[in-house]
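Working notes, beginning with the structure itself.
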There are 2 protein chains.
Amino acid sequence: MSAHTPPVLLPVAGQPPRERADAARNRSRLLDVAARLVAEHGAANVTMDAVAAGAAVGKGTVYRRFGDRAGLMLALLDHAGRAFQEAFISGPPPLGPGAPPTDRLRAFGAGLIEHHLRYRDLYLAAELPPDRRYTDDPPRALYARHISGLLAAAETGGDTELLTETLLASLDPALLAHLRAQRGMSQERITAGWTDLVDRLLG
Amino acid sequence: MSAHTPPVLLPVAGQPPRERADAARNRSRLLDVAARLVAEHGAANVTMDAVAAGAAVGKGTVYRRFGDRAGLMLALLDHAGRAFQEAFISGPPPLGPGAPPTDRLRAFGAGLIEHHLRYRDLYLAAELPPDRRYTDDPPRALYARHISGLLAAAETGGDTELLTETLLASLDPALLAHLRAQRGMSQERITAGWTDLVDRLLG
DNA sequence: CGCGGATACGGACCGTAGTCCGGTTGTACG
DNA sequence: CGTACAACCGGACTACGGTCCGTATCCGCG
């Protein structure tokens with residue numbers, strides 16, 4: 001060993017070495033183009049080739065940055081999602097901390113219904129294959145922890161983990177889109193249903 | 001008009017004219033082959049080409065008979081599903097008629113959990129795209145009517161239609177598969193969760 | 001039995017998601 | 001400034017689902 005150890009050659013595991021400049025440029029170009037194409041043609045009609053071509057970039061680059069089609073759509077949703085996430089983590093009550101857990105849960109569901117319905121076409125296009133749907137979706141994991149925490153705080157009995165999954169399932173984007181579009185239920189009605197559900201389960 | 005009207009040239013609408021012999025033969029050949037391939041390689045690894053080739057039939061024939069990949073898988077599930085359907089429609093209580101609605105609902109959920117878990121790989125392979133998932137699945141519609149009827153009979157208040165969807169969502173094959181495989185929950189635990197859910201909602 | 005039209009057949013064809021790899025470029029370091 | 005190597009790039013390629021349409025087959029009727 002020499003007196004001064006050389007700078008990290010194997011970068012600190014877990015701290016990815018920082019994105020190269022060209023890569024970062026391409027990422028944002030791709031996101032811009034994808035957003036534009038989604039706005040123009042609807043999320044369902046946007047192909048990966050079109051995004052690549054629109055950003056004057058090879059297909060491989062799109063996949064290296066975003067993994068797959070769902071990953072790209074999820075990245076598009078990431079920005080919109082952050083606002084909501086901050087709201088229920090650290091925003092004002094009743095969504096944020098400060099209100100009783102039951103009130104927070106009611107507000108959380110209402111907010112997520114709103115969010116999922118607002119971006120429904122993106123969510124439908126972003127849907128992962130069934131075996132990855134519940135594992136490869138960071139926001140979903142966050143929602144689950146949040147609900148789980150509220151349930152624990154509410155000191156309701158029962159299988160908290162399972163109850164969390166059930167509640168989350170009733171806020172699923174595809175289900176909400178169906179209730180709204182095929183069944184013709186208004187967002188108000190759906191939200192009222194959520195409130196009623198929470199009341200019955202925790203009241 | 002002559003004395004005796006000629007036989008139906010435009011066949012009675014709604015009564016499809018009966019399947020041609022060769023078509024019927026191909027259907028059953030295709031189902032046999034598909035079942036064998038699923039057993040051998042798992043539903044996820046069965047391609048439509050392989051099924052067609054295995055039945056010594058053109059690809060077009062597969063699609064004409066079953067519409068799409070999901071349709072083929074659903075057809076495979078049809079047989080297994082019928083037993084369960086008859087059981088809750090006209091079988092012995094508590095699953096069938098005769099028991100109080102709440103008991104029937106508990107039994108129905110337990111049965112559907114069992115069924116969905118038993119054939120989970122087929123259900124995952126049979127999953128429809130999000131916009132068709134809740135409309136193009138006859139068994140699901142039947143389940144919904146059944147739950148809805150039980151809720152009505154139980155004279156629980158609230159939005160029955162919405163409550164039905166929520167309950168059905170918690171029995172979704174993909175969700176159950178996740179709870180079982182990724183989360184490691186036993187079928188007993190999941191079933192207990194369903195019972196608890198029903199108790200909280202209707203108790 | 002023979003005819004005619006509805007029904008079914010097959011497999012070439014298309015579009016899209018996702019993979020692969022030889023060549024290029026950015027960046028840290030001396 | 002030069003070098004070396006990891007990271008990145010592009011686009012040809014593969015696999016698969018689904019469509020199309022000219023041809024062959026079945027079957028009711030005379």
Side-chain angles (χ1 to χ4, degrees), chain A residues 2 4-13 15-30 34 37 41-74 125-129 132 136, chain B residues 2 4-13 15-30 34 37 41-74 125-129 132 136:
Chain A
S2 64
H4 61 154
T5 49
V8 270
L9 294 181
L10 299 175
V12 185
Q15 193 69 256
R18 171 161 150 270
E19 192 168 61
R20 244 169 62 172
D22 51 348
R25 199 172 51 241
N26 281 337
R27 147 170 301 125
S28 78
R29 285 236 305 280
L30 285 166
L37 291 179
H41 311 301
N45 301 315
V46 173
T47 69
M48 298 301 267
D49 295 273
V51 174
V57 138
K59 239 179 123 161
T61 300
V62 186
Y63 281 93
R64 199 169 325 98
R65 285 282 93 74
F66 299 103
D68 57 13
R69 187 185 150 80
L72 175 60
M73 299 300 177
L74 253 4
E127 189 164 274
L128 293 158
R132 294 177 49 206
D136 295 7
Chain B
S2 64
H4 60 154
T5 47
V8 270
L9 294 182
L10 300 176
V12 185
Q15 193 69 255
R18 171 163 151 272
E19 192 168 62
R20 244 169 61 173
D22 52 347
R25 199 172 51 240
N26 282 335
R27 148 172 298 126
S28 77
R29 284 236 307 280
L30 285 167
L37 291 179
H41 311 303
N45 301 315
V46 174
T47 70
M48 298 301 267
D49 295 88
V51 174
V57 137
K59 236 178 131 170
T61 300
V62 186
Y63 281 94
R64 200 169 325 99
R65 284 283 93 74
F66 300 103
D68 58 14
R69 187 185 150 81
L72 174 60
M73 299 300 176
L74 253 5
E127 189 165 275
L128 293 159
R132 295 177 47 206
D136 294 6

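When reading the values below, keep in mind they use all heavy atoms of this one structure, side chains included, and skip hydrogens, waters and symmetry mates. To find a chain, count down the sequence lines: A is the first, B the second, and so on, and within it residues start at 1.
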Nearest-neighbour nucleotide for the B/Ala21 side chain, D/dC27, D/dG18, C/dA8 considered: D/dC27
Sequence-aligned protein contact record of nucleotides 20-25 of chain D, with B where the base is within under 4.0 Å of a protein heavy atom and S where only the sugar-phosphate is: B----B
Sequence-distant partners of B/Ala43, side-chain contact (heavy atoms from CB on, under 4.5 Å), two or more places apart: B/Val38, B/Asp121, B/Leu122, B/Ala125
Separation of D/dC9 C1' from A/Arg29 CZ (nearest whole Å): 12 Å
Touch class at under 4.0 angstrom, heavy-atom based, for A/Arg65 against every strand present: sugar-phosphate
Euclidean distance, atom CZ of residue B/Arg132 to atom C1' of D/dG18 [Å, nearest integer]: 12 Å
Sequence-distant partners of B/Arg27, side chain to side chain donor-acceptor pair (under 3.5 Å), two or more places apart: B/Glu19
Residue list, side chain to side chain donor-acceptor pair (under 3.5 Å) with A/Arg64, at least two apart or on another chain: none
d(CD, B/Glu127; C1', D/dG17) in whole Å: 16 Å
Side chain of A/Arg69 (C-beta onward), nearest among C/dA17, D/dG18, C/dC9: C/dA17
B/Leu72 CG - D/dC16 C1' separation (whole Å): 15 Å
Compile the donor-acceptor pairs under 3.5 Å between side chains in residues 44-60 of chain A and protein atoms, sequence neighbours left out, one pair per line.
unit_1  : atom_1 : unit_2  : atom_2 : d
A/Asn45 : ND2    : A/His41 : O      : 2.9
A/Thr47 : OG1    : A/Ala50 : N      : 3.0
A/Asp49 : OD1    : A/Lys59 : NZ     : 3.4

Rounded distance in Å - CG (A/Leu30) to C1' (D/dC8): 13 Å
Residue whose nearest DNA chain C nucleotide is more 5′ - B/Asn26 or A/Tyr63: B/Asn26
Under the salt bridge (charged side-chain N to carboxylate O under 4.0 Å, His left out) test, residues paired with A/Arg69 that sit two or more places apart: none
Salt bridge (charged side-chain N to carboxylate O under 4.0 Å, His left out) partners of A/Arg20, counting only residues at least two apart: A/Asp22
Between C1' of D/dG17 and CG of B/Asn45, the distance in whole Å: 15 Å
Proximity to DNA chain C (any heavy atom under 4.0 Å), residues of residues 46-55 of chain B only: none
Side chain to side chain donor-acceptor pair (under 3.5 Å) partners of A/Asn26, counting only residues at least two apart: none
Distance, rounded to the nearest Å, where B/Arg18 contributes CZ and C/dA6 contributes C1': 14 Å
Atom-to-atom span, CG of B/Leu37 to P of D/dC16 - whole angstrom: 13 Å
Straight-line distance of B/Met73 CE to B/Leu128 CG, nearest 0.5 Å: 12.0 Å
Residue pair B/Arg132 / B/Asp68, side-chain heavy-atom distance below 4.5 Å: yes
